[in-house]
Each structure stands twice: as C-alpha cells, then as structure tokens.
Amino acid sequence: MNLTEFKRSDKSKNPHFLLFGNPVDHSLSPVMHNTAAKSLGIETKYHAIALRPDELSSVSAHLNSEQFKGANITIPYKHMLMQYMDELSIVAEDIGAINTIVKENGRLIGDNTDIYGFTVPLRPVRDELYNTEAIVFGTGGATKAIIYALFDLGINQITVISREPAGKDYFNEYDNVGIEGYGAWTSFADDSAIIINATPLGMNPKEDESPVRDSEIEVLQGKICYDIVYNPLKTKFLKQAEEVGARTIGGLEMLIHQGSKSFELWTGKQFPIDEIKQTLHEFFE
C-alpha cells in the first residue's frame with residue numbers, strides 16, 4: 001500500500017503507526033508491532049507504507065495529522081524524511097539519519113534506534129571487539145548508525161566497502177573510517193574481528209546474493225559475521241560464514257531490539273520481547 005492509498009482508506013482514520021520505505025513488502029515490523037500493541041491493550045495499528053518519491057510532498061501534512069502517532073523509516077528514506085522533523089535527537093543529528101519518528105506534544109522528533117538495535121546482540125562479545133577493526137559492506141541508511149555503534153563498542157578502525165567509493169565523501173567526516181572498493185576488501189580482513197553486511201544482498205528476493213564471493217569465504221574464518229538482513233533468517237552471507245566456522249549474528253535480533261526501543265519511545269511501555277521473538281520465529285517456520 002502506498003501513502004495515497006492509505007490516506008484514502010479507513011485505516012488512516014484510526015490511530016496508527018507507520019513504516020515508510022520502498023520496498024516494504026518483506027517487512028516484519030507490522031507483525032512485530034501489532035503483536036506488541038495487542039499484547040499491551042493498545043488500540044493503535046501499525047501499517048507498512050511503500051512510499052513513492054512523488055508522495056514525499058504530501059508526507060508532512062500526514063505526519064501532522066491527529067491520527068498519526070509515530071513511524072519507523074527504512075531504505076531509502078532515512079535521510080530524506082529528516083527535513084520534516086521539528087527536532088532531532090542528539091544521536092540522529094550526529095549520524096545524519098533517522099529510523100524513528102516520535103510525536104510529542106504535536107512536535108515531530110526524529111530519532112535513531114538502529115544503534116541500540118545493532119549493539120544489543122554484540123554485548124556478549126564486546127570484550128573481543130575492543131581495540132580491533134571492522135569491515136562494513138554497504139553505504140546505505142544504516143551504515144552511519146553501525147559506524148557510530150562500532151566506535152561505541154571500542155572498535156578503533158572501520159573499513160567501509162562500496163561499489164562506488166569515490167562518490168562517498170560524506171564518510172570523510174569520521175576519524176578512523178576508510179572507504180574502499182569491493183576488489184580490496186580482503187586486504188583489511190586479517191585485522192578485522194567483525195564483518196558486517198549492511199547491503200540488501202541476501203534479502204528476499206535476492207537470497208542467492210552476498211557481498212562476499214564464494215572464492216573469498218575462507219577470509220571469514222575466525223570472524224564474527226553479522227548480517228542486518230532478517231528475511232530470510234539465514235542469508236547467503238551467513239551460510240558462507242558458517243561453512244568456514246565463523247560466528248554469525250542474523251538481522252532478526254537487530255530488528256527486534258531497534259523495534260523495542262521505537263515502541264517504548266512511542267508508548268512509554270515496555271516491549272514484550274519474549275512474545276515478539278516467539279511470534280517472529282513462528283512466522284519463519
């Protein structure tokens with residue numbers, strides 16, 4: 001459903017949270033947040049909106065409508081929707097991307113819970129990451145949040161891998177972040193404790209794709225391999241990592257924890273994480 005269709009529907013006339021992105025058909029956020037709302041007796045519904053570029057001009061009016069209560073934002077709008085905010089959290093301002101809109105006393109506050117969501121699954125291995133290096137595939141809306149989180153975890157050098165490294169000057173603002181092409185990434189692997197896929201490669205319908213060539217998978221041995229893609233649960237990148245005995249973290253954990261933080265910001269209520277985990281795992285069975 002796009003925004004125009006949503007606004008014409010009866011769904012828009014009731015209190016709602018939204019997910020803005022394109023595509024959003026794969027998203028489990030509606031399942032997750034509607035389960036949480038039902039569990040806690042909250043009447044607000046959560047809907048995924050495939051926002052078209054030509055609908056951007058009408059977003060602002062809807063965000064200020066009475067029935068709109070908050071939103072998540074995913075690819076490709078984490079930068080673009082910042083312009084409609086009345087205020088940004090310190091974290092969102094620092095990284096230049098928002099994934100959450102909080103409505104507070106009529107004001108729109110742009111926040112970013114990707115950092116929290118990304119970090120929680122890494123807490124058990126924090127000591128192993130301290131004072132090491134990392135590789136991040138991709139330069140999309142989540143990458144800046146990942147960089148922020150990695151430095152907070154004690155990583156001291158990050159190499160971002162891009163198909164067009166010369167066009168990504170905005171990473172120059174970070175100390176200890178280099179940007180390289182895909183042909184050079186293995187040169188940085190020896191000193192990296194963690195390798196992260198922050199691209200859509202591996203996501204439905206690109207399940208057979210990975211940022212790592214099959215001929216390169218030995219480089220993953222002994223690393224922590226983290227894929228922020230959550231559908232499917234086990235991407236090709238994670239399968240490659242498992243094949244050589246690397247430790248893996250899938251994107252479902254990040255989804256759940258960033259969602260929990262967004263939900264708490266919207267409602268002030270604690271997210272029923274155990275129930276959500278069970279519901280989402282059942283979805284994949």
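Both backbone and side-chain heavy atoms feed into the values below; hydrogens, waters and symmetry mates do not.
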**Prompt:** Where do S260 and Y116 land on the side-chain contact (heavy atoms from CB on, under 4.5 Å) test, with the steps shown first?
**Reply:** CA-CA 9 Å; S260 74; Y116 177 83; 3.9 Å; yes
**Request:** Report the C-alpha separation of T159 and E133 in whole Å, then their side-chain angles, then the decisive distance to 0.1 Å, and conclude whether the side chain to side chain donor-acceptor pair (under 3.5 Å) test is met.
**Result:** CA-CA 8 Å; T159 303; E133 298 185 13; 5.3 Å; no
**Request:** Check the pair E55 / T4 against side-chain contact (heavy atoms from CB on, under 4.5 Å), numbers first and verdict last.
**Result:** CA-CA 7 Å; E55 294 178 317; T4 303; 2.7 Å; yes
**Request:** For side chain to side chain donor-acceptor pair (under 3.5 Å), just list the numbers for S39 and E275, CA-CA rounded to whole Å, side-chain angles, deciding distance to a tenth of an Å, and then say yes or no.
**Result:** CA-CA 9 Å; S39 176; E275 182 178 350; 2.8 Å; yes
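Between the side chain of D152 and the backbone N or O of Y148, no donor-acceptor pair lies under 3.5 Å. When atom types are taken as modelled, the side chain of N112 and the backbone of A97 share a donor-acceptor pair closer than 3.5 angstrom. The main-chain N or O of G250 is never found under 3.5 Å from a side-chain atom of E253 such that the two would form a donor-acceptor pair. Judged by distance alone, the side chain of D274 and the main-chain N or O of Q278 form no donor-acceptor pair under 3.5 Å. Put simply, the side chain of K223 never gets that close to the backbone of A241: no donor and acceptor are under 3.5 Å apart.
For T113 and N99, the side-chain atoms include at least one donor-acceptor pair closer than 3.5 Å. Inspection of the S262 and N72 side chains reveals an N or O donor paired with an N or O acceptor under 3.5 Å. D111 and T100 share no side-chain donor-acceptor pair at under 3.5 Å. When only modelled atom types and interatomic distance are considered, Q240 and D214 share a side-chain donor-acceptor pair under 3.5 Å.
Here the side chains of F68 and K103 are in contact, with some heavy-atom distance below 4.5 Å. The side-chain heavy atoms of I161 and V136, taken from C-beta on, include no pair separated by under 4.5 Å. The side-chain heavy atoms of I158 and N176, taken from C-beta on, include no pair separated by under 4.5 Å.
Scanning all heavy atoms of the two residues, the minimum distance from V229 to T199 falls at CG2-O, 3.5 Å. Among all heavy-atom pairs drawn from P165 and G181, the shortest one is CG-N, 3.8 Å. Across L3 and S58, no two heavy atoms sit closer than the pair CD2-OG, 3.8 Å. Contact record, K78 with D114: NZ-OD2, 2.6 Å, taken as the closest heavy-atom pair. The shortest non-hydrogen separation linking P76 to N22 is CD-O, 3.6 Å. A pairwise comparison of heavy atoms in A48 and V24 identifies CB-CG2, 3.9 Å as the closest pair.
Contact check on E104 versus R107 returns no salt bridge, with no Lys/Arg side-chain nitrogen under 4.0 Å from an Asp/Glu carboxylate oxygen. E242 has no carboxylate O lying under 4.0 Å from a charged side-chain N of R247, or vice versa, which leaves the two without a salt bridge.
Under the salt bridge (Lys or Arg N to Asp or Glu O under 4.0 Å) criterion, K239 pairs with no residue at all, not counting sequence neighbours.
A perpendicular orientation is assigned to the rings of H62 and F6, their planes being inclined by more than 60° (bins at 30° and 60°). Ring geometry, H33 versus F271: the interplanar angle falls from 30° to 60°, so the pair is classed tilted.
Here I276 contributes atom CD1 and L252 contributes atom CG; the two are 10.5 Å apart, rounded to the nearest 0.5 Å. For the atom pair OH of Y230 and CD1 of I256, the computed distance is 10.5 Å after rounding to the nearest 0.5 Å.
Outside the 6.0 Å centre-distance limit, the rings of F20 and Y77 are not counted as a close aromatic pair.
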